[in-house]
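See structure below.
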Amino acid sequence: MLLSPMFRGLSSALLVRSSTLSSVHSPLFSSSTALPELTSSFSSSRMYSDLASQLSHSRLTCGELLRTKSGALYHVDEDVSMEECAKKMLDNNIGSLLVRSPEGRVVGIVSERDYLKTAKKHISIHTPVKKVMTPRDKIIRIPRTATLNNCMELMSEHHIRHLCVYDGGIFHGVLSIKDIVNAMVSDHENTIARLEQFITGRAVGY
């Protein structure tokens with residue numbers, strides 16, 4: 001799988017951070033005689049393995065991230081101009097807007113990249129968003145049970161920065177690349193902290 005530069009940067013940063021664990025001065029790793037003590041405890045070894053595996057695979061799901069995400073979902077009507085969409089995204093410091101029909105149904109999504117495309121293609125900024133948006137039937141969707149790693153793969157595959165979370169045809173929210181990267185960094189930092197506690201023997205019950 002080919003990851004975007006942002007995801008490769010995140011992975012590199014996490015690898016650099018996690019590599020510092022090997023230099024932690026701990027009796028467990030200060031001499032070869034300490035190794036039997038470590039391997040003799042199956043539960044400790046399994047716990048270490050489980051923690052270490054989390055450094056490369058985030059267990060957070062889309063649903064869990066949506067529950068912690070603050071802020072309202074922003075919408076625009078389908079006849080609103082691209083100029084108004086750009087202003088609304090700028091005013092609210094967001095990268096996408098849901099597009100609604102007169103009946104209030106979500107009919108598509110528009111992003112800051114769509115606005116840039118209109119400029120590149122010399123499309124009038126007064127063009128209605130419904131002519132530029134990604135329509136509902138072409139929206140890349142992901143279920144609430146999917147992990148953040150699944151989100152990374154899907155975004156990299158389709159070269160997109162926003163994912164709509166759906167379950168059973170019901171819309172639950174939007175996750176941006178920023179949401180996912182921030183959540184994964186936080187998740188990995190927590191895992192690294194637990195690994196450091198385990199290695200230095202400071203974790204209760206280890």
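When atom types are taken as modelled, the side chain of S186 and the backbone of N182 share no donor-acceptor pair closer than 3.5 angstrom. A donor-acceptor pair under 3.5 Å is formed between the side chain of E64 and the backbone N or O of T61.
Scored by the ring-ring contact (aromatic ring centres under 6.0 Å, His included) test, Y166 finds F171 as partners (sequence neighbours excluded). Every residue meeting the side chain to side chain contact (heavy atoms under 4.5 Å, CB included) condition with D167, not counting sequence neighbours, appears here in chain and number order: P143, R144, H172.
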Requested in this report: Decide side-chain contact (heavy atoms from CB on, under 4.5 Å) for I109 and L97; before the verdict, give the C-alpha distance in whole Å, the side-chain angles of both, and the deciding distance to 0.1 Å.
Outcome: CA-CA 6 Å; I109 185 170; L97 292 165; over 6 Å; no
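The heavy-atom pair separating L73 from V174 by the smallest distance is CD2-N, 4.1 Å. Residues I160 and L154 approach most closely at CG1-O, 4.5 Å, considering heavy atoms.
With a 4.5 Å cut-off on side-chain heavy atoms, M155 and L163 count as touching. Side-chain contact between M152 and I177: absent, with no pair of heavy atoms (C-beta onward) separated by less than 4.5 Å. You'll find the side chain of L60 stays beyond 4.5 Å of the side chain of L65, heavy atoms only. Side-chain contact between C62 and T145 is absent, with no heavy atoms from C-beta onward closer than 4.5 Å.
Listed by first then second residue, pairs satisfying side-chain hydrogen bond (donor to acceptor under 3.5 Å, both in side chains) with a partner in residues 127-139 read D79-K130, not counting sequence neighbours. Residue pairs meeting the side-chain hydrogen bond (donor to acceptor under 3.5 Å, both in side chains) criterion with at least one member in residues 97-109, sequence neighbours excluded, are S101-E103. Applying the side-chain hydrogen bond (donor to acceptor under 3.5 Å, both in side chains) test to every pair with at least one member in residues 111-121, sequence neighbours left out, gives these pairs: S111-D114. Sorted by first then second residue, the side-chain hydrogen bond (donor to acceptor under 3.5 Å, both in side chains) pairs that include residues 81-96, not counting sequence neighbours, are Y74-N92, S81-E84, K87-D91.
M89 and I123 fall into different hydrophobic clusters, where Ile, Leu, Val, Met, Phe, Trp and Tyr side chains are chained together by heavy-atom contacts under 4.5 Å.
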